[in-house]
Amino acid sequence: MKNKEIAEIFDRIADALEFKGEQFFRVLAYRKAARIIEELTDDIDVLNKQDKLREIPGIGEGIAKKIDEFLKTGKMKKLAEAMQGISKDLLELLNIQNLGPKTLKLTSDELGVKNLKDLKRVIEDGSLTKLFRMGEKKVENIQKGIALFEHGKARTPIDRALEIADTVVKYLKKSRLIANATPSGSLRRMKETIGDIDILVSGKNGKKIVDYFTKMPGVMQVLASGDTKGSVILETDLEPIQVDIRIVPEKQYGAALQYFTGSKEHNVKIRSLAKEKGLKVSEYGVFRDKKTIAGKTEASVYKVLGLPWIPPEIREDRGEIEAALANKLPKLVELEDIKGDLHIHTNNSDAVNTLEEMVNAAIKLSYEYIAFADHSKAAFYANGLTEERLKREINAIAKLQISYNNIRILRGIEVDVLDSGKLDFSDEILSQLDVVVASVHQGFKKRVTERMCSAIENPNVDIIAHPTGRLISRRPGYDVNLEKVLEYAKKYHKIMEINAYPDRLDLNDIWTRKAKEMGIKIAINTDAHGIADLEWMKFGVSVARRAWLEKQDVVNTLKWKDLKNLLNIR
DNA sequence: GCCGTTTTCGGCCCGACTGTTTTCAGTCG
């Protein structure tokens, strides 16, 4: 698929045009196109051949033509034209905080800056300070931006970000000045990784609150501190992270929460919808002329626009506003709907807890069932089970089940899909199990699509685990044609997994939604290697919610007797 | 560049903070 490549080209064009001072909205159009194409699950080449590109909102005549040009010739004239006289190295510098397109253009025109090295040089020799509207402070801020840029501003995984946000909220709430504090932004939308942590605060004395905030333990640097806004870089035991707070009066909390939760794209659409109705939406409320007509609660903001409240997880401008207008919002699956976990490890392979300890932990979560899926023998690095040890585990589970009548303990395996495409255990053994979870753990570049498809064809296989194998910010995932794998899953009625391990979250939101649209059932599993990991279920549910999944799309929301039928368990 | 039951032209979300200025431009979210 050329989707990613094309999205990157449009982003590059947007950068170049922005740098050159092209009309803001034209730049925006390219950025929007890039985002849409990046999120597309269909092959752009196929869409183009079917002449369907123009049906996608945000892709018009101009962009469609450029895509066609690129797919046919491998080139795009517009890119070469936009890049005329500038280099990739120069545009990279736009990622430096406090250095925007205007300033970069000026340094390039006046001082001949072409790359990071040049930029550092003009700071060193003092020539940057001499530019129009440039002063010492601005240069200092650009230097700080460079430091962050060089450090590589990594995005923080959702689980870590939640912990940090929790610490900040606790600190804030200790102050009497503060009535309320809520994590918002991408954190509230439960994106898989978080850039900055945004926290909305209500209280009366903004200035004092910001002061208190910037004095929090661990603050390395204060980026901004005004009457209603504060921004700091916070030291953590991993990477430093930016934390922003925004202070509003109690009666504007809903409007501010709506605004601060985003996404930006969602808000742009909400605000333009308001405009059509002669209203104005800002973080201070919804206004008709100068009169406030909503804003105390988030629901009130949506209501005056004629919309039901929209759950934060789907506020990405991926059709949620249109669905809300048509009163067709999904009733999203919730953590409380989950009745079991179908992918759990024990100390029989590479995990820390025993069968019984895991069973007891599952009972505490009020689960009706759990399935043990230890590794198979090919996963020797994970102390995978041999046939003999699997048999022993099966017997142990049978024994355990006798003393636990309030939970069903399912006999399963996470069986490796071998390089040949065969499974690591014979059909005879697999057929004795309640749940077979198949996954690829090796040979990431060896015909992964074909191997997965042949695993799906095996009648003993129930679930395909972590279908792309990606590890967030660490490993891109297998070389796999997911579209084809999903088609097979659909054909053979197999279940696809959302692996809730925070570094995996695999399938992701976009592909899970695609799977749902194809009518494929999903299992949300933690892949727990210890009791504490069972809590990861909430991250998996968040992915499901971001993918618009409803309770009936997720197999482990089923009652035991229904799951039993689905899996044909004796 | 995209888009359209007010438009095929003229809009396109809205505001805070900072630094460098004497009223505003640039950056960010």
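Quick note: numbers below take in every heavy atom, side chains included, and nothing from hydrogens, waters or symmetry partners. So that the names make sense, note that chain A is the first sequence line, chain B the second, and so on, each numbered from 1.
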Exercise for the section: Output yes when a side-chain donor or acceptor of Y259(A) lies under 3.5 Å from a complementary backbone atom of V281(A), and no otherwise. Expected result: no

Practice task
Write down the distance separating the C1' atoms in dA25(B) and dT20(B), rounded off to the nearest Å.
Solution key: 9 Å

Exercise for the section: Round to the nearest Å and state the distance from I197(A) atom CD1 to dG29(B) atom P. Expected result: 14 Å

Practice task
Remember a base hit wins even if backbone is also touched, and classify F25(A) as base, sugar-phosphate or nothing at under 4.0 Å, heavy atoms.
Solution key: base

Exercise for the section: Answer with base, sugar-phosphate or nothing: what part of the nucleic acid does L99(A) contact at a heavy-atom distance below 4.0 Å? Expected result: sugar-phosphate

Exercise for the section: Determine the Euclidean distance between corresponding C1' atoms of dA16(B) and dG11(B); express it in Å to zero decimal places. Expected result: 25 Å

Handout entry: D109(A), CG: over 12 other non-hydrogen atoms inside 6.0 angstrom
Key = yes

Problem - Out of dT27(B), dC13(B), dA16(B), whichever nucleotide has its closest atom nearest the side chain of K264(A) - result: dC13(B)

Handout entry: Atom-to-atom span, CG of L106(A) to C1' of dT27(B) - whole angstrom
Key = 15 Å

Practice task
Check whether any side-chain nitrogen or oxygen of K66(A) sits under 4.0 Å from OP1 or OP2 of dG1(B), and answer yes or no.
Solution key: yes

Practice task
With DNA chain B as reference, determine whether V139(A) or R246(A) sits nearer its 5' end, using the nearest nucleotide of each.
Solution key: R246(A)

Exercise for the section: Using a cut-off of strictly less than 4.0 Å, decide whether R271(A) has a side-chain nitrogen or oxygen near OP1 or OP2 of dC13(B). Expected result: no

Practice task
State whether K280(A) places a side-chain N or O below 4.0 Å from either non-bridging phosphate oxygen (OP1 or OP2) of dG15(B).
Solution key: yes

Exercise for the section: Would you please confirm or rule out a distance under 4.0 Å between OP1 or OP2 of dC17(B) and any side-chain N or O of S225(A)? Expected result: no

Handout entry: Pair partner, dG1(B) [Watson-Crick or wobble, under 3.5 Å]
Key = dC12(B)

Practice task
Could you tell me the separation between the CZ atom of F132(A) and the C1' atom of dG19(B), rounded to a whole number of Å?
Solution key: 12 Å

Exercise for the section: Would you please confirm or rule out a distance under 4.0 Å between OP1 or OP2 of dG19(B) and any side-chain N or O of N141(A)? Expected result: yes

Handout entry: K204(A) atom NZ, over 12 foreign heavy atoms within 6.0 Å
Key = no

Exercise for the section: Quick one: label L279(A) by what it contacts on the DNA or RNA (base, sugar-phosphate, nothing), any heavy atom closer than 4.0 Å. Expected result: nothing

Practice task
Decide, yes or no, whether a salt bridge links E69(A) with K66(A) under the criterion of side-chain N to carboxylate O below 4.0 Å.
Solution key: no

Handout entry: Note, I197(A) side chain near L234(A) side chain (heavy atom, < 4.5 Å)
Key = no

Handout entry: Rounded interatomic separation in angstrom, taking NZ from K138(A) and P from dC28(B)
Key = 11 Å

Exercise for the section: Determine the interatomic distance between P on dC13(B) and the same-named atom on dC2(B); round to the nearest Å. Expected result: 16 Å

Handout entry: Length of the CZ-P vector between R54(A) and dC2(B), whole Å
Key = 7 Å

Problem - Nearest-angstrom distance, P atom, dG4(B) to dT8(B) - result: 13 Å

Practice task
State whether Q97(A) places a side-chain N or O below 4.0 Å from either non-bridging phosphate oxygen (OP1 or OP2) of dG29(B).
Solution key: yes

Practice task
Report which part of the nucleic acid E61(A) touches: base, sugar-phosphate, or nothing (heavy-atom distance under 4.0 Å, all strands).
Solution key: sugar-phosphate

Problem - Validation row: L325(A), L273(A) side chains within 4.5 angstrom (heavy atoms) - result: yes

Problem - Same-atom distance (P) from dG1(B) to dT6(B), integer angstrom - result: 28 Å

Problem - Whole-Å gap separating C1' (dC28(B)) and CD1 (I96(A)) - result: 15 Å

Completion exercise
From CD of E283(A) across to C1' of dA16(B) the rounded distance in Å is 8 Å

Fill in the blank from the handout: Winner on side-chain proximity to K137(A), out of dG29(B), dC17(B), dT20(B), is dT20(B)

Exercise for the section: Determine, stepwise, if the pair D42(A) / K514(A) fulfils salt bridge (charged side-chain N to carboxylate O under 4.0 Å, His left out). Expected result: CA-CA 9 Å; D42(A) 294 309; K514(A) 169 86 171 180; 2.6 Å; yes

Practice task
Assign each of R133(A) and A29(A) to its nearest nucleotide of DNA chain B by heavy atoms, then name whichever residue's nucleotide is nearer the 5' end.
Solution key: A29(A)

Handout entry: Rounded distance (Å) that lies between atom P of dG29(B) and atom CD1 of I245(A)
Key = 16 Å

Practice task
Look at T103(A) and dT27(B) and indicate whether a side-chain polar atom (N or O) is within less than 4.0 Å of OP1 or OP2.
Solution key: yes

Handout entry: Side chain T167(A), main chain E163(A), donor-acceptor under 3.5 Å
Key = yes

Exercise for the section: Examine dC14(B): is either OP1 or OP2 under 4.0 Å from a nitrogen or oxygen in the side chain of K275(A)? Give yes or no. Expected result: yes

Handout entry: A224(A) side-chain proximity, nearest of dC17(B), dC13(B), dG29(B)
Key = dC17(B)

Exercise for the section: Select base, sugar-phosphate, or nothing to describe what N98(A) touches, counting heavy atoms under 4.0 Å on all strands. Expected result: sugar-phosphate

Practice task
Could you check whether Y259(A) gets within reach of a base, just the sugar-phosphate, or nothing at all, counting any heavy atom under 4.0 Å?
Solution key: base

Problem - dC12(B) versus dT7(B) - spacing of their C1' atoms, nearest Å - result: 13 Å

Problem - Between dC17(B) and dT22(B) - P atom distance, rounded Å - result: 23 Å

Practice task
Measure from the side-chain heavy atoms of Y284(A) and tell me the nearest of dA16(B), dT27(B), dC13(B).
Solution key: dA16(B)

Problem - Sugar-phosphate only, base, or nothing, as touched by V281(A) at under 4.0 Å among non-hydrogen atoms - result: sugar-phosphate

Exercise for the section: Name the closest nucleotide to the K102(A) side chain, picking from dG26(B), dG29(B), dG1(B). Expected result: dG26(B)

